[in-house]
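Structure first, then comments.
In what follows, chains carry the letters A, B, and so on, assigned in the order in which the sequence lines appear, proteins first and then strands, with residues in each chain numbered from 1. Nothing here was measured: the structure is a model prediction, and the numbers come from that model.
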Amino acid sequence: MITSVKGTRDLLPPDTRVWNRVEAVAREVFALYGFDEIRTPVLESTELFVRSVGESTDIVHKEMYTFTDRGDRSVTLRPENTAGVARAYVEHAMAQAGRPWKLYYIGPQFRYERPQKGRYREFRQIGAEVLGAADAAADAELLVMLFDFLLRLGFTGVSVSLNSVGTEATRPAFVDAIRSFFSSNEKTLGDDDRRRLAENPLRVLDSKDPAVRQLVASPGFPKMVDLLPTLDPASDAHYRELKVLLVASNVPFKEDPLLVRGLDYYTRTVFEMTAEGLGAQNALLGGGRYDKLVSDLGGPKTPGIGFAIGEDRLIDVLPEAFRKVTIDDVRPVTLIPLDRNDVADALVLAKELRGAGFAVDVVTAAKGPGYGLKVAERSGAAVAILLGQKEREERTANLKDLAGRTQEVIPRAGLIEALRARL
RNA sequence: GUGGGAGUAGCUCAGUCGGUAGAGCGUCGGAUUGUGGUUCCGAAUGUCGCGGGUUCGAUCCCCGUCUCUCACCCCA
């Protein structure tokens, strides 16, 4: 048996209804905030991710689906979508529009990792990006939209973790402060954290080692937000303004000075949301500002901010009410021709009913009422219509309410009205 | 890339101290050839993940491998 590739999976009905509905809500909400969809290729030049996501990140140095195509080009299945959006922005000179771009995307991403709960090699992200807006208000509005979306899916009582990671102006000073903090108690660090301290010191902040966590959470541990007022007043002002705007907009957030993110391109604002029930991979969404990314890719200096929601994880923790309503949404009318001679009649009637807006399923096998009703019931139909020789000749329909187990013979002329009354 | 757990019927699982397998659910047929949810009767399931080794004989023991799963690393 040929199975799906490791770390990939099939999404089957009726779950696909839920996926489609979630995506439809995203499109509706994002449109209300002035966002348009962008679709970028799944396949990009490997160099794009090396330059944007960052060579020192795990994503680039061990998690990419990279291969050489027949033209000897190194290409990669995108591990995230922000780089592709930024690349398209530069490639199509979108800065020339003279206004910020508000873009969203929905699509598969790929990372070559060992699969576990909430983590797949092929996963989907729903994301949004604002390109060309530097103001804290842009950050705020993006988060307002995010919460609007989550609220419409039925999430309640959620809040986002917020932090500022500064800019190149502050990053080196912060890294120095972290290193000197640990120089005195380096022996409490495990191998992993020692490696982090050397390669990517910010990562030590979200170590899972209890001893290190305790150290990092202690009052003496350096915090980026404490360095901002003196080293980078502009970033400090940005952060303060953002918080004021979020409070004014009723966006629930909690400041987390330990929040850092795994991609190199973030500047100033970073945020993340976690959820219960996702196991160890509990990050539901993440995002932040990336004011250097576009220029790093050779474009004009363009500030940007965005988020990505892990759609697989989102659906994993989706409120049950939303799921149920979505799955129960489609209640087809099932037409049951009793005999081969009744099939044409059924197809003609089906067309008429579909024209009137009803979802109609025809049991084409025409194996009699017992089989037909069984199929109708199993496919979730609310009503079934039996069509035999008698109904054809008398221009009637035998309308059955499957739940109530009642039936009624109705003239064809009044059928649409009768169905409207029942559905 | 590292570590733990697991692969037996469509699904959930039992089992054989080594003698080529069962249950429940589901599916199909019948009671009920123009009436489905219940009930009753009957039937079919399967290279026991794959490859190799040990053995007279392996689903069981050993080795390898693949897949699933959870965790680490890291992230959505």
Give every donor-acceptor pair under 3.5 Å between a side-chain atom in residues 129-139 of chain A and any protein atom, sequence neighbours left out.
{"unit_1": "A:Glu129", "atom_1": "OE1", "unit_2": "A:Tyr290", "atom_2": "OH", "d": "2.4"}
{"unit_1": "A:Glu129", "atom_1": "OE2", "unit_2": "A:Thr82", "atom_2": "OG1", "d": "2.7"}
{"unit_1": "A:Asp139", "atom_1": "OD1", "unit_2": "A:Arg289", "atom_2": "NE", "d": "3.2"}
{"unit_1": "A:Asp139", "atom_1": "OD1", "unit_2": "A:Arg289", "atom_2": "NH2", "d": "2.5"}
{"unit_1": "A:Asp139", "atom_1": "OD2", "unit_2": "A:His238", "atom_2": "NE2", "d": "2.9"}
{"unit_1": "A:Asp139", "atom_1": "OD2", "unit_2": "A:Thr269", "atom_2": "OG1", "d": "2.7"}
{"unit_1": "A:Asp139", "atom_1": "OD2", "unit_2": "A:Arg289", "atom_2": "NE", "d": "3.3"}

* Rounded to the nearest 0.5 Å, how far does CG of A:Leu162 lie from CE of A:Met273? -> 11.0 Å
* To do: Look at all strands and tell whether A:Asp312 reaches a base, only sugar-phosphate, or nothing, counting heavy atoms closer than 4.0 Å.
  => nothing
* Asked: B:A76 P sits how many Å from A:Ile106 CD1, rounded?
  -> 18 Å
* To do: Round to a whole Å and report the spacing from CG of A:Asp401 to C1' of B:G36.
  => 13 Å
* Asked: To the nearest Å, how far apart are A:Gln281 CD and B:A76 P?
  -> 11 Å
* **Under-3.5 Å donor-acceptor pair between A:Arg313 side chain and B:C75 base** => yes
* Asked: So, are A:Arg422 and A:Glu408 salt-bridged, with charged N and O less than 4.0 Å apart?
  -> yes
* To do: Return no unless some side-chain N or O of A:Arg261 is found under 4.0 Å from OP1 or OP2 of B:A76.
  => yes
* To do: Could you please name the option among B:C72, B:C28, B:G34 that lies closest to any side-chain atom of A:Arg378?
  => B:C28
* Asked: Rounding to a whole Å, what distance do you find between A:Leu12:CG and B:C11:P?
  -> 12 Å
* Go through residues 113-126 of chain A and report each residue with a non-hydrogen atom lying under 4.0 Å from RNA chain B, sorted by number. => A:Glu113, A:Arg114, A:Gln116, A:Lys117, A:Gly118, A:Arg119, A:Tyr120, A:Phe123, A:Gln125
* To do: Using both pair distances under 3.5 Å as the test, note the stems of at least 3 consecutive Watson-Crick or G-U pairs that include RNA chain B.
  => B:1-7 with B:66-72, B:10-13 with B:22-25, B:27-31 with B:39-43, B:49-53 with B:61-65
* **A:Asp339/A:Arg392 ion pair, N-O < 4.0 Å** => no
* Asked: Within the side chain of A:Asn20, is there an N or O that forms a donor-acceptor pair under 3.5 Å with the backbone of A:Thr16?
  -> yes
* Rounded to the nearest Å, what distance is computed from the CG atom of residue A:Leu387 to the P atom of nucleotide B:U35? -> 16 Å
